[in-house]
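A short worksheet on the structure shown next.
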Number of protein chains: 2
Amino acid sequence: MNKKKKQIIEAAQTLFIKKGFSATPIQDILEAANVSKGTFYNYFSSKTECLMAILSFIKEEVIHDRHQLALGKSSSDKEVFVKQIAARFHIDKKHNLMALFASLASSDTAHQELKEFLNQQYLEEVTWMAERICDVFGAKKQKHAYDDAVTCFGTIHLTSKILMDINKTEIPIEETIYFALGQIERANLHPPFLQADYFLPYHQIKDAGEQDSKIELQQTLTALNSKVDKLKNDKLTYYHHFLLEQLKSENPNLFLMESVMNSYQNALLHTELEDKRKYIQILYTQFMEEKRENS
Amino acid sequence: MNKKKKQIIEAAQTLFIKKGFSATPIQDILEAANVSKGTFYNYFSSKTECLMAILSFIKEEVIHDRHQLALGKSSSDKEVFVKQIAARFHIDKKHNLMALFASLASSDTAHQELKEFLNQQYLEEVTWMAERICDVFGAKKQKHAYDDAVTCFGTIHLTSKILMDINKTEIPIEETIYFALGQIERANLHPPFLQADYFLPYHQIKDAGEQDSKIELQQTLTALNSKVDKLKNDKLTYYHHFLLEQLKSENPNLFLMESVMNSYQNALLHTELEDKRKYIQILYTQFMEEKRENS
DNA sequence: CATTTATTGGACTACAGGTATAAAATAGTT
DNA sequence: AACTATTTTATACCTGTAGTCCAATAAATG
């Protein structure tokens, strides 16, 4: 990454930690990073975008740490699971951004992008947790995996918040996680409440970075073929198959794809396939990033 | 209440609902309330304080509704409990401030007062829920009441948030509450995690308004007699017994009490009794308010 | 060396929350 | 009715914010 951009991100990070996001004026970031305003807005279109970049780094860090923790261990290893959950807290704690991650609302139209970004992150986290609950507790939990993931996640967050507000001591995060797991580690008496397909768009792409997002995107689109055709929307159908053609070819025209994907995304809005939109968007962004890195 | 103040609060409420708190400039409130800036700052020292006033009203509303729901019903009536929980959501929904209530963090030094205010509210809510869980599920849940209250509260909040973010339809709040209750309505396998005395300062005063907060305050202080003496802090001990003397007398000197209570509060800081401080503060404030109303 | 690109730094806009104050309106009292 | 005290208004003002714009400068590139 660019040197200046790195400088900015690092400075912003330390300042956000020390004083909080909205209490940190851009001016302070500029001075700390030894960079001019022009440069800042050359790399980030807004302060919010800068924060999102930081949060993205943290996300990568968490994913990496969790991957490391899993190496050589069974996927049903409970201890590993606990440590993996704790990873987010440790890193957020290190960056002191936990509160920010927990505060998903704020109901401000101004920070719309930030809201969506954080929503994406927390929904991915819940989805991941449901998957891991299946791993760890086996088939008996399969049906209730999302129910229990939500309960677990909710319990962990609220408990750690309470311990922080009341005790003001260091939070015993692993104990808290064990407590939350204990709360779900009992027989479910009722039928499942949350449906698995709500969470379809938030499944993380396995082995990200190593595999080819091109194939993933291709497969996802192909899977939608029949549904798209059924919608009988000429434009949408055209975009869809055009994108698939490009993905099949050796050298896709990236500029054309960029443009068509844009229209495709818009066309997907307000259709039955709207819920798949974001997922496609994510895959596409990954695909483009990989292309850019390779070139 | 003052007419102008009412105008302002009503206007602010509708605007906060429509556009969100920080997206609503004071100017808009002034115009909507047909009031000048000077008047606004005559009644509220800041926009934040105005919001807190609104939230206080909502709290009163919730307490009132819950009281109504309980009339003539057994305290172990589960249906009543569910409706009581839902009351907060219905009212917050009506005022569309649920998101705000849920977003307790934001980590901004600027909104310190707001943060503390919201903390108080959510901790009171959890405490109330623990009490009610005892009522409804009986002795078997007593030990785990706080554990389960946290799990229940966390599950309800996260679930409703997820349903809102993903489904974007109206949240089936009662079903969500039944789900959350189902998540705790099972045998606890582990010893309790959260200690009851964390929540001591957040117990709501029963039958508030009808009974005498003077007696409540007196009892609370008396209960602390031995602990205070044990601390061997001359000043603190003096304040403590002075306040008790005043409370016993027919006509306490309110000005003196105000001053001594202030010092007493400060003296309590950083002692073993720090956790009782807020509770005493609340009782004292109530006591003073009643006095003021009677005069 | 010449051209392109990145960077600077400051001026500038628009808006926010909050203060200050003198004049006008209102309410309360004798 | 007259006087007083309080409330309200209207407006100007201060401080600080995010973000835009742009001409001048520096750095990188072929």
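Any value given below was found using the heavy atoms of this structure, including those in side chains, with hydrogens, waters and symmetry copies removed. Order of the sequence lines fixes the chain letters, A, B, ..., with proteins taken first and strands second; residue numbering starts at 1 for each chain.
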Roughly, in whole Å, what's the span from NZ in A:Lys4 to P in D:dA26? 13 Å
For residues 36-53 of chain A, the salt bridge (Lys or Arg N to Asp or Glu O under 4.0 Å) pairs (sequence neighbours left out) are none
Rounded to whole angstrom units, what separation is found between the CD1 atom of A:Ile26 and the P atom of C:dT8? 15 Å
Looking only at the side chains, is there a donor atom on one of B:Gln120 and B:Glu116 sitting less than 3.5 Å from an acceptor on the other? no
Nucleotide D:dA18, atom C1' - distance to CG of A:Leu114 in whole Å: 15 Å
Roughly, in whole Å, what's the span from CD in A:Gln7 to C1' in C:dT8? 14 Å
We want to know whether A:Gln265 and A:Tyr239 form a side-chain donor-acceptor pair, criterion being a heavy-atom distance below 3.5 angstrom. no
For the pair B:Phe16 and B:Phe21, name the ring-plane relationship: parallel under 30°, tilted 30 to 60°, perpendicular over 60°. perpendicular
Provide, to the nearest angstrom, the distance between the CD1 atom belonging to A:Ile29 and the C1' atom belonging to D:dG19. 13 Å
What pairs with A:Arg66 under salt bridge (charged side-chain N to carboxylate O under 4.0 Å, His left out), at least two apart in sequence or on another chain? A:Glu125
Interatomic distance where CD belongs to B:Glu31 and P belongs to C:dA16 [whole Å]: 10 Å
How long is the line joining CG of A:Asn2 and C1' of D:dA27, in whole Å? 12 Å
Looking at A:Val150 and B:Leu158, what are the two nearest heavy atoms and their distance? O-CD2, 3.4 Å
Give the rounded distance in Å between these two atoms: CZ of A:Phe21 and C1' of D:dT17. 12 Å
Name every residue in residues 34-46 of chain B that has at least one heavy atom under 4.0 Å from any atom of DNA chain D, in order of residue number, or write none if there are no such residues. B:Asn34, B:Val35, B:Ser36, B:Gly38, B:Thr39, B:Asn42, B:Tyr43
